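Computed from a predicted model, the values in this text were never measured in an experiment. For this chain, numbers begin at 1 and follow the sequence in order.
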Amino acid sequence: MLRFNRVRGSFHLPLCWFVFTFVMVGFGVLGFLRNWRKLVETQLRLNQCVGEVALELRETLNLLGDSNQKINSLRLAIPAARIQPYLLTSLEVALAQIVASQEVLLFRWEIQKRKWFSLQGCGYPGDWAIPLPELSLRRNPPDSIGSQPLQWLGEEPSEFYLQIVHRSRGAAAQVERGSLDKKNKKWSATWTNLQNQKRKWPDFF
């Protein structure tokens with residue numbers, strides 16, 4: 001009987017060691033998975049934060065470009081319509097509405113810039129974001145025809161860069177104007193890496 005207890009005791013020791021090792025490995029795996037899940041959630045949050053603002057910037061720039069074309073068309077039509085007062089009034093009203101819509105777009109982007117700067121992105125503690133780009137657009141004073149379209153101060157930019165980081169994670173996007181060779185000046189949004197070198201990925205929205 002004593003010999004049997006000794007054998008059983010010698011068996012329990014390796015078994016306990018095996019169970020202890022298994023439990024410790026399990027805790028290590030769980031810790032790794034928990035940390036990995038946190039990194040993935042952080043990356044998704046950063047991507048969403050930058051993506052939403054990039055889409056807003058793209059939409060703003062395209063709307064400003066489209067409305068500028070409408071202003072130019074109305075400015076061509078207004079002088080010819082002066083012999084017909086009823087038509088002239090409607091064109092002048094349309095011109096005023098488009099100009100007002102442009103001012104609203106610029107004001108909204110200015111609010112977004114200040115919000116982004118004050119919250120450092122989307123307001124999550126520990127995030128760091130570069131300031132949103134300035135839209136250096138100005139309008140010359142009205143002439144004899146009426147309000148004039150917006151113009152870029154200096155050379156019209158071809159791209160804007162957005163970036164936000166959180167410790168080892170980060171996300172960046174680039175909003176760029178279409179190639180003139182393709183006769184497409186529409187703005188598009190693409191993902192880019194944190195070194196400001198665009199990856200060869202398609203437009204993300």
For the backbone of [Y] and the side chain of [X], can you confirm whether one donor and one acceptor N or O come within less than 3.5 Å of each other?
X: Arg75; Y: Gly146; value: yes
X: Glu176; Y: Ser188; value: no
X: Asp127; Y: Gly123; value: no
X: Glu159; Y: Arg177; value: no
X: Trp116; Y: Ile130; value: yes
X: Gln120; Y: Ala129; value: yes

Calculate, to the nearest 0.5 Å, the distance between atoms [atom1] and [atom2] belonging to [X] and [Y] respectively.
X: Thr42; Y: Asn47; atom1: OG1; atom2: CG; value: 10.5 Å
X: Cys49; Y: Leu44; atom1: SG; atom2: CG; value: 13.0 Å
X: Ser101; Y: Leu64; atom1: OG; atom2: CG; value: 8.0 Å
X: Leu61; Y: Leu105; atom1: CG; atom2: CG; value: 10.0 Å
X: Leu132; Y: Gln112; atom1: CG; atom2: CD; value: 6.0 Å
X: Leu87; Y: Glu92; atom1: CG; atom2: CD; value: 10.0 Å

Test side-chain contact (heavy atoms from CB on, under 4.5 Å) applied to Trp152 and Leu135, step by step: CA-CA 8 Å; Trp152 290 97; Leu135 300 184; 4.1 Å; yes
Minimal non-hydrogen separation, [X] against [Y], with atom names:
X: Ala172; Y: Tyr161; result: CB-OH, 3.5 Å
X: Ala81; Y: Leu91; result: CB-CD1, 3.6 Å
X: Gln43; Y: Gly170; result: NE2-O, 2.8 Å
X: Trp187; Y: Pro157; result: CH2-O, 3.3 Å
X: Ala94; Y: Leu74; result: C-CD1, 3.9 Å
X: Pro133; Y: Phe160; result: CB-CD2, 3.3 Å

Should the heavy atoms of other residues, nucleotides or ligands under 6.0 Å from CZ of Arg82 be counted, would the total exceed 12?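 Check passes, neighbour count above 12.
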More than 12 heavy atoms from other groups under 6.0 Å of NZ on Lys70: no
Does the distance from a Lys or Arg side-chain N to an Asp or Glu carboxylate O, for [X] and [Y], drop under 4.0 Å?
X: Glu41; Y: Arg45; value: no
X: Glu56; Y: Arg108; value: no
X: Asp66; Y: Lys186; value: yes

Does any non-hydrogen side-chain atom of Val99 lie less than 4.5 Å from one of Arg139? yes
Candidate pair Val53 and Ile164, rule side-chain contact (heavy atoms from CB on, under 4.5 Å), full reasoning: CA-CA 11 Å; Val53 179; Ile164 184 172; over 6 Å; no
side-chain contact (heavy atoms from CB on, under 4.5 Å) between Leu95 and Ile71, worked out: CA-CA 6 Å; Leu95 178 60; Ile71 289 176; 3.8 Å; yes
Decide side-chain contact (heavy atoms from CB on, under 4.5 Å) for Trp109 and Leu57; before the verdict, give the C-alpha distance in whole Å, the side-chain angles of both, and the deciding distance to 0.1 Å. CA-CA 8 Å; Trp109 181 248; Leu57 177 57; 3.7 Å; yes
